[in-house]
There are 2 protein chains.
Amino acid sequence: MASGRMDLAEPLDVAPPRGGAIADKLRGAILDGKYGPGARLNEVHLSRDFGVSRTPVRGALQTLVGEALLEYTPNKGYSVRAFAVSEIVDAFEMRALAEGLAARLAAERGLTPANEADLSASLAELDGAITFAASAAPAEAVRNPYSAANERFHTAIHRAADSRLVTDVIALCSRVPLTLTRHIIDFKTEDLKDRVEEHHQIYDAILSRQPREAERLMYEHDQVVRRALVRVLAKSGS
Amino acid sequence: MASGRMDLAEPLDVAPPRGGAIADKLRGAILDGKYGPGARLNEVHLSRDFGVSRTPVRGALQTLVGEALLEYTPNKGYSVRAFAVSEIVDAFEMRALAEGLAARLAAERGLTPANEADLSASLAELDGAITFAASAAPAEAVRNPYSAANERFHTAIHRAADSRLVTDVIALCSRVPLTLTRHIIDFKTEDLKDRVEEHHQIYDAILSRQPREAERLMYEHDQVVRRALVRVLAKSGS
DNA sequence: AACTGCCGAATTGTATACACTTCGTAAATT
DNA sequence: AATTTACGAAGTGTATACAATTCGGCAGTT
C-alpha cells in the first residue's frame, strides 16, 4: 500500500494541474462574479495566487479572451468584459435561435441510439424533479435537480445536432456573467411543469422528424427564459 | 545616411511585429489553405519561420484556438481544424440566422447618422459595382468591387445592431476555411443585380423600422449563398 | 516470430531573466 | 501658479533555459 508507485497511481484528476486547470478556475471565478466587470487581471498577482509562473497564467488568460470573457489591450493587459444589459438580453435571443437550429438539425439528421438514450434519461430525471418539487419543495432544493436534468437535456440535443459550430455558438451565448441571470430562475412549481412538458414536446418533434416544428418549440422554450429576464430587468430598472 | 539609427528610423509599420501580427499571418495562411486540414503547427518551426521566439508564437496559436481555427491537444500541440462539409453548410445557416437577428436589432434600435452614412455609401458602391460589371465584366474583375462593397454593407449592419455578441457569432460563422467557399462566388451578372436589390430592400426595412421584415429579408439574402454552396457540393459530390 | 520493455529523439510545459511600454508623480522651468 | 519635463514604479512583451511528456524504434526475451 505504501509503495511509491501506488502514491502516484491516480494523479489523473488532480496532480497534473496543467495550465488548463488555471483557465478553469479563473473562468469559474469570473462567472461567479468574484471579479467585477472591468476588473484588471494582473499576471504577476495571479502567478503568485496560483503558485505558478506567469507563462501558464498568460495561456489561461488568452484562452479566456477566446471565450469572450476577458478583453485584452496590448501593453495594458487583461480585464473582465463589461456586459451591457442589452447584450445579455441579446445573448438569450441569439441562444434561442441557435438552440432552435440545433433542434432542427437533430430532427433532420435523426437520433443515434445513444442520443435517444440520453434524452430519455434526462426526460425521466425532469419528471422526477417535478414530482419531487410537488412534495417537499423548499424552493431552493428544487432548482438543482431540475437544472441538472435540464442541462443534460439541452446538451444531449446539441450532441444530436452534430454540428460543432452550432455548439460553439450556444456555448458563446451561455458564457455570460451570471450575476444577473441568477435571478431569473424564479420558476414556480406550476411553471416548472410547463417547462418539462415543453421538453417532452421537443423530444417528440425530433423523434418524429419534424425539423421546423422542433425548431419552433425549442425557440419558444428558450424565449420563456428571455422574457423572464426582461421582466426582472423591468422591475429592478424601474 | 549610413547611420545605424537611420536604418531603424521607420520600423513602425513592420518592425513591431507584435505577437498579434503573427496571429494575423497565421490566420491568413490557414484560411488560404496553406496548411491543410489536420496539419500540425510546430512551435519551434514557426518560431524559426517568423524569426521570433516560441513565446509569441504560442500566444498566436492560443488566440487561433479561441477563434476555432485550430485545435489543441495537451502535450501534442496545435493542428488545423478539419471541417466536415456539413459543418460548413451549417455555418452558413447559422450565419443567416445571426445576420437576420443583426438586421432585426438594427431596425429595432434605429440607425445613428454614422450608420446611415455607412450604409448609403456602401449601397452606392454596390450600384457602381453592378454597372461596372455590366460594361466590362471579365468576371474576375467584378468580384472585388462587389465583394468589398458587400462586406462594407454587412459590417455596417453589424455595427448598427450594436451587439458585440451577435457580431462575434457572425465572425465565428465566417471564419471557415475558404477552400470550398471560394467556388460559390460564381454569381452571374444578372444574379448580382438581384443581390444588390436585396441590399436596398434590407436597408429600406431597417430605415422604416420594420424589425421582422428586415430579419426575414436578411435571412433570405444569406440563404442564397447557402443554397449556392449546396448546389456546388451536390455537383462535385456526384 | 511476436511481444515486452527500454531508451532516445522530438515536442510541448514551465520557469525565469531581461527589455520595452505606459502612466503617475514630482520636480524644475517659465 | 501652470505647464512641461524627467524620473521611476508597475506591468506587459519577448527570449531562452530546462523539465516533463509522448512516441517511435530497437533490443532483448519468451
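All chains are named by letter (A, B, ...) in the order of the sequence lines, taking the proteins before the strands, and each is independently numbered beginning at 1. Heavy-atom basis, side chains included; hydrogens, waters and symmetry copies ignored.
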Separation of [N] [atom2] from [X] [atom1] (nearest whole Å):
X: A:Phe50; N: C:dT14; atom1: CZ; atom2: C1'; result: 16 Å
X: B:Glu43; N: C:dT14; atom1: CD; atom2: P; result: 11 Å
X: B:Leu46; N: D:dA15; atom1: CG; atom2: P; result: 14 Å
X: A:Gln62; N: D:dT14; atom1: CD; atom2: P; result: 10 Å
X: A:His45; N: D:dA9; atom1: NE2; atom2: C1'; result: 12 Å

Looking at A:Arg40, does any N or O in its side chain come under 4.0 Å of the phosphate oxygens OP1/OP2 on D:dG11?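 A:Arg40 to D:dG11 OP1/OP2: no side-chain N or O under 4.0 Å.
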Within less than 4.0 Å of OP1 or OP2 of D:dG11, is there a side-chain N or O belonging to A:Tyr72?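 For D:dG11, OP1/OP2 do not have a side-chain N/O of A:Tyr72 under 4.0 Å.
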Going by the salt bridge (charged side-chain N to carboxylate O under 4.0 Å, His left out) test, which pairs reach into residues 63-75 of chain B, not counting sequence neighbours?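 Sorted pair list: A:Arg164-B:Glu71, B:Arg27-B:Glu67, B:Glu67-B:Arg175.
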Any salt bridge (charged side-chain N to carboxylate O under 4.0 Å, His left out) involving residues 94-115 of chain A? Give me the pairs, sequence neighbours left out, ordered by first then second residue.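 Qualifying pairs, neighbours excluded: A:Arg95-A:Glu99, A:Arg104-A:Glu215, A:Arg104-B:Glu93, A:Arg109-B:Asp90.
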Identify the residue among A:Leu69, A:Thr63, A:Leu46 that makes a side chain to side chain contact (heavy atoms under 4.5 Å, CB included) with A:Leu26.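 Of the listed options, the one satisfying the test is A:Leu46.
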Looking at B:Asp32 and B:Lys25, is there a salt bridge between them, counting it only when a charged N and a carboxylate O are closer than 4.0 Å?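 Not counted as a salt bridge, because no side-chain N and carboxylate O are separated by less than 4.0 Å.
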Of B:Asn42 and A:Gly51, the one whose closest DNA chain C nucleotide lies more 5':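 It is B:Asn42, whose closest nucleotide lies nearer the 5' terminus.
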Which listed nucleotide (C:dG13, D:dG13, C:dT14) is nearest to the side chain of A:Pro56?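 Closest nucleotide among those given: C:dT14.
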Decide yes or no for A:Gln223 and A:Tyr219: does some side-chain heavy atom of the first lie under 4.5 Å from some side-chain heavy atom of the second?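 Yes, side chains in contact.
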Describe, in one word, how the ring planes of B:His154 and B:His221 are oriented to each other, choosing from parallel (under 30°), tilted (30 to 60°) and perpendicular (over 60°).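 Ring orientation of B:His154 relative to B:His221: parallel.
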Could you encode protein contacts along nucleotides 16-23 of chain C as a string, one character per nucleotide from 5' to 3', using B for base contact, S for sugar-phosphate-only contact and - for no contact, with a heavy-atom cut-off of under 4.0 Å? BB---SS-
